[in-house]
Amino acid sequence: MPPISQPLRKLGFLTIGLFDGADPRRGHESTLGIIELGEQLGFDSAWVRHRHLQYGISSPVAVLAAASQRTRRIELGTAVIPLGWENPLRLAEDLATVDILLGGRLNPGVSVGPPMHYDQVKEALYPDTADVEDFGYERVRRLLDFVRGKSATDFSGVEGFEVFSDRVQPHSPGLGRRMWYGGGSLRSAQWAGEHGMNFLTSSVVKAEESEDFADIQLSHIRAFRAHHPDGDRARVSQGLVVIPTDSASPEQRAKYTAYVEKRTPRTVTPQGPARMMFAPDIVGTSAEIAERLHAHVAFQEVDEVAFALPFSFEHDDYVQILTDIATRLGPALGWRAAT
């Protein structure tokens with residue numbers, strides 16, 4: 001097995017939290033149960049995706065608030081909240097509140113860009129300002145300022161019986177250092193570094209300087225750190241889809257293999273006008289997956305990951321996959337379970 005520069009320090013996982021529209025509670029409870037299982041297995045972090053007008057988690061902050069009451073140690077994150085749907089001031093209040101409930105365990109990940117299908121949703125989302133909304137990096141900067149304690153107003157003090165603050169309350173002092181940017185381009189990597197954020201890489205990148213996924217991801221990691229005040233110590237988390245089969249049943253193995261085969265063609269060449277490159281999903285035994293990761297040039301640059309769970313599997317499948325990741329794949333990557 002090719003050597004790696006450092007053992008894996010932090011092991012996390014990411015779930016989309018799908019649910020049946022006729023029975024949404026069951027799906028949300030399943031997500032909370034998976035997060036609880038992650039803590040029991042020693043994972044360092046659990047992350048939830050964000051979906052609007054779909055049958056996935058639309059309010060990850062609310063879900064993580066519920067998870068704060070069921071966990072004691074595991075870090076919880078969002079990967080990622082698309083800020084085009086959010087008011088930065090209000091989101092800053094929600095994030096700080098949940099971080100307080102978690103005792104400083106929240107890792108909010110965000111991204112920029114107009115909301116998906118914006119022409120169809122803009123009248124419902126921004127009926128009066130749809131044509132002037134700014135969906136660029138300025139929206140992230142505003143959120144960072146509010147989270148980090150900069151003034152939101154020039155008024156503070158006592159008015160009658162009420163006391164007013166000029167900054168977001170509650171204020172969670174460490175939260176500003178735990179803000180993540182989910183980026184897939186060189187510009188995003190550079191911007192996140194310049195603004196002192198942490199950087200989430202995923203299984204999707206923009207093919208700007210190459211058509212090799214690992215090489216592209218490596219260039220983003222290095223660009224981020226080159227522009228970050230902490231340099232090579234700046235935090236980067238890699239997110240790929242890995243599906244270990246060590247304890248899987250024959251039926252599960254067949255399902256997992258079919259899932260990967262169906263998604264593989266999109267990984268061969270850049271997709272669409274934006275030239276997006278998708279990473280191949282990795283299925284196999286933990287030893288086989290570890291060997292492929294050790295040979296992945298971007299994986300060699302990181303010491304923390306948040307492996308993505310496949311979108312459409314069943315609860316029992318996720319239990320098997322997470323158990324194999326924690327008990328077999330993680331140790332093969334040099335990771336030690338948290339206690």
*Using the side chain to side chain contact (heavy atoms under 4.5 Å, CB included) rule, take V305 and L240 through it: C-alpha gap first, then chi angles, then the decisive distance, then the call.*
CA-CA 8 Å; V305 296; L240 300 173; over 6 Å; no
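- Counting all heavy atoms, side chain and backbone alike, R177 lies closest to N198 at O-ND2, 3.1 Å.
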*salt bridge (Lys or Arg N to Asp or Glu O under 4.0 Å) assessment of E29 paired with R26*: CA-CA 5 Å; E29 287 290 341; R26 181 170 177 266; over 6 Å; no
_Working for side chain to side chain contact (heavy atoms under 4.5 Å, CB included), residues M276 and K206_ = CA-CA 4 Å; M276 304 307 294; K206 185 175 289 188; 4.2 Å; yes
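- Distance check: D215 CG to H296 NE2 gives 9.0 Å after rounding to the nearest 0.5 Å.
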*Step by step, work out the side chain to side chain contact (heavy atoms under 4.5 Å, CB included) result for V112 and Y181.*
CA-CA 9 Å; V112 299; Y181 188 85; 3.1 Å; yes
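- Taking all atoms of both residues into account, the shortest heavy-atom contact from I243 to P310 is CD1-CG, 3.7 Å.
- Screening residues 132-146 for side-chain hydrogen bond (donor to acceptor under 3.5 Å, both in side chains), with sequence neighbours left out, gives Y126-R139, T129-E133, E133-R139, Y137-S188, E138-R141, R141-D145.
- Of all non-hydrogen atoms in V242 and I325, the two that sit nearest each other are CG2-CD1, 4.1 Å.
- When all heavy atoms of G196 and R148 are compared, the closest pair comes out as O-NH2, 3.5 Å.
- Enclosure of atom CZ in R70 by more than 12 non-hydrogen atoms of other residues, nucleotides or ligands within 6.0 angstrom is indicated.
- Evaluated for a side chain to side chain contact (heavy atoms under 4.5 Å, CB included) with F146, the options L95, L89, L91 yield exactly one hit, L89.
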*Going through the checks in order, is the ring pair (Phe, Tyr, Trp, His ring centres under 6.0 Å) test met by Y318 and F13?*
CA-CA 11 Å; Y318 295 142; F13 67 90; 9.3 Å; no
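- No more than 12 heavy-atom neighbours from other residues, nucleotides or ligands sit within 6.0 angstrom of CZ on R336.
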*Please walk me through it: do R105 and T71 pass side chain to side chain donor-acceptor pair (under 3.5 Å)?*
CA-CA 10 Å; R105 291 187 281 133; T71 58; 3.0 Å; yes
*Show your working on side chain to side chain donor-acceptor pair (under 3.5 Å) between Q320 and D324 and close with a plain yes or no.*
CA-CA 6 Å; Q320 177 265 312; D324 280 358; 2.8 Å; yes
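- Screening residues 74-86 for side-chain hydrogen bond (donor to acceptor under 3.5 Å, both in side chains), with sequence neighbours left out, gives E75-N107.
- Residues S312 and Y259 share a closest heavy-atom pair of OG-CE1, 3.9 Å.
- V140 and L200 fall into different hydrophobic clusters, where Ile, Leu, Val, Met, Phe, Trp and Tyr residues are linked whenever their side-chain heavy atoms come under 4.5 Å apart, directly or through other members.
- Across all their heavy atoms, W335 and L41 have their closest contact at CH2-O, 4.1 Å.
- A salt bridge is defined here as a Lys NZ or Arg NE, NH1 or NH2 lying under 4.0 Å from an Asp or Glu carboxylate O, and R275 with E211 meets this definition.
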